[in-house]
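First up is the structure itself, then whatever we jot down about it.
None of the values given here were measured: they were computed from a predicted structure. Each chain gets a letter, A, B and so on, in the order the sequences are listed, and its residues count up from 1.
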2 protein chains.
Amino acid sequence: MTRNIELNEKMRDERREQILSHALRLFAARGLAATKISDIATSVGMSQGLLYHYFRSKEEIFTEIVRGAFEKMNAAVRMLEELPQSPREKIEMAIVQLLKSLEESEDFACTILLNAQAGISEATPAEAQAIIREESGIPYTVIARILRAGQQEGTIKPFDADALAMVFWTTIKGLALHKAVNGATFKAPDARILTAMFFTEDRLH
Amino acid sequence: MTRNIELNEKMRDERREQILSHALRLFAARGLAATKISDIATSVGMSQGLLYHYFRSKEEIFTEIVRGAFEKMNAAVRMLEELPQSPREKIEMAIVQLLKSLEESEDFACTILLNAQAGISEATPAEAQAIIREESGIPYTVIARILRAGQQEGTIKPFDADALAMVFWTTIKGLALHKAVNGATFKAPDARILTAMFFTEDRLH
DNA sequence: GTCTATATCCAGATAGAC
DNA sequence: GTCTATCTGGATATAGAC
């Protein structure tokens, strides 16, 4: 009995994930307002009406995606901070990993893009705006903290750490944007181009 | 007689510019689809119907803005290339100037953002897409050309020039994005953080 | 759970008076 | 040139059959 309920819930969750995944691509490619609920349904391969068995509204879908994106991103940067490596190595790892994800994962670029759009647009649903207000600062403060530790060490340049952290993330977002425009052609730049902004010496190792 | 016609046309053009200016802010803040024609009319302070005496459709307004943005941007980079300065100085000037514009001019950030959005979104009007297809590569190729000249000189790092040019522009776009989100709080980073990606030596002068 | 059909609403665009 | 009133289409969301 309980088995069946659990199984049903699992299948329901999987279906929801499937919808969210398709919606992510569409929202990233066209924005919230320009994406029709029928587009999402068609993309998933279900009828328009059926979507409403899984989500109350288009806004709810959008908000769920934003929520999930911040959860993952914030978990990742927190894990980065906990690592045993030196601050400088952490920054290097982060840049290398972000560039790799950007190049390899379609979803990753879409996610960054969607969050950027959501942060900008006044048309973003109120609940998503609340999430953004609370969560979007975390990656910046974590990276700034790591950079400051690196400055203590002498391996990170002595510019304002908040400014460096801002440049760190805006550069990644800018690249995500570029990938969104140039699609398949996109090739991530050499990580050393970016690390030069932060490291006191040029070499990677 | 001719006087009056000219005067009328001038007034008409000014009114059009006024509409475009208000529309730019709204499009940048909410995207094309989420911006209502009535929003633009209200912002300008005219009736909805009257807008249609100046533009055929919302898409036409959007396309005009995109056209103007590329004209200005491409004229600017071409002028930059013509300057008598050394490649390295040109890059430095460009970065300093772009950061300054970003910080001081609301319109500049909006324009960059709008073009980025327009480039991404499949919902962008066909005519605007055509402009983007033809014009958007120019700033990249011009900067790449300057960077290559600098590499000959030995003042620019020997990474792939196209990759460097991509990073150049994506960084600027990323910052424009950040300004759009953080609005009034935005403070441009120290130019030397960015020049470090390109210059073989660290110092500015 | 899934579909088709439909009610409802809202935004873009037009018409016509002043 | 400018407004108000209106037509029209299309998208969200719901209802109801299977």
Does a donor on one side chain sit under 3.5 Å from an acceptor on the other, for [X] and [Y]?
| X | Y | result |
| --- | --- | --- |
| A:Q97 | A:S101 | yes |
| A:E60 | A:T63 | no |
| B:R15 | B:Q18 | yes |

Exercise. Take atom CD in A:E127; do more than 12 heavy atoms of anything else shown fall under 6.0 Å from it?
Worked result: no
For this session: Determine, for A:R12 against A:E9, whether the closest basic-nitrogen to carboxylate-oxygen distance falls under 4.0 angstrom.
Result: no
For this session: Taking only Lys NZ, Arg NE, NH1 and NH2, and the carboxylate oxygens of Asp or Glu, determine whether A:R78 and A:E81 approach each other closer than 4.0 Å.
Result: no
Exercise. Pick the nucleotide of DNA chain C nearest each of B:L32 and A:G45; which residue has the one closer to the 5' end?
Worked result: A:G45
For this session: Select base, sugar-phosphate, or nothing to describe what B:F55 touches, counting heavy atoms under 4.0 Å on all strands.
Result: nothing
Short heteroatom pairs, N/O only, protein and nucleotides 9-13 of chain D, under 3.5 Å:
residue : atom : partner : partner atom : Å
D:dA11  : OP1  : A:K36   : NZ           : 3.1
D:dT12  : OP1  : A:I37   : N            : 3.0
D:dT12  : OP1  : A:K58   : NZ           : 3.4
D:dT12  : OP2  : A:I37   : N            : 3.2
D:dA13  : OP2  : A:Y52   : OH           : 3.1
D:dA13  : OP2  : A:K58   : N            : 3.4

Problem set entry | Least distance between heavy atoms, B:M197 atom then A:A196 atom | CA-CB, 4.4 Å
Problem set entry | Ring centres under 6.0 angstrom apart (A:Y140, B:H178) | yes
Exercise. Any idea how A:F168 and A:F198 line up, ring-wise: parallel (<30°), tilted (30 to 60°), or perpendicular (>60°)?
Worked result: tilted
For this session: Tell me, with the steps shown, if A:D162 and A:R148 meet salt bridge (Lys or Arg N to Asp or Glu O under 4.0 Å).
Result: CA-CA 9 Å; A:D162 293 322; A:R148 257 186 281 274; 3.6 Å; yes
Problem set entry | Contact interval (first through last nucleotide) of DNA chain C with protein chain B, 4.0 Å heavy-atom | C:dA11 to C:dT14
Problem set entry | Rounded to 10 degrees, the angle between the two terminal axes of the helix from C:dG1-D:dC18 to C:dC18-D:dG1, each from five pairs | 10°
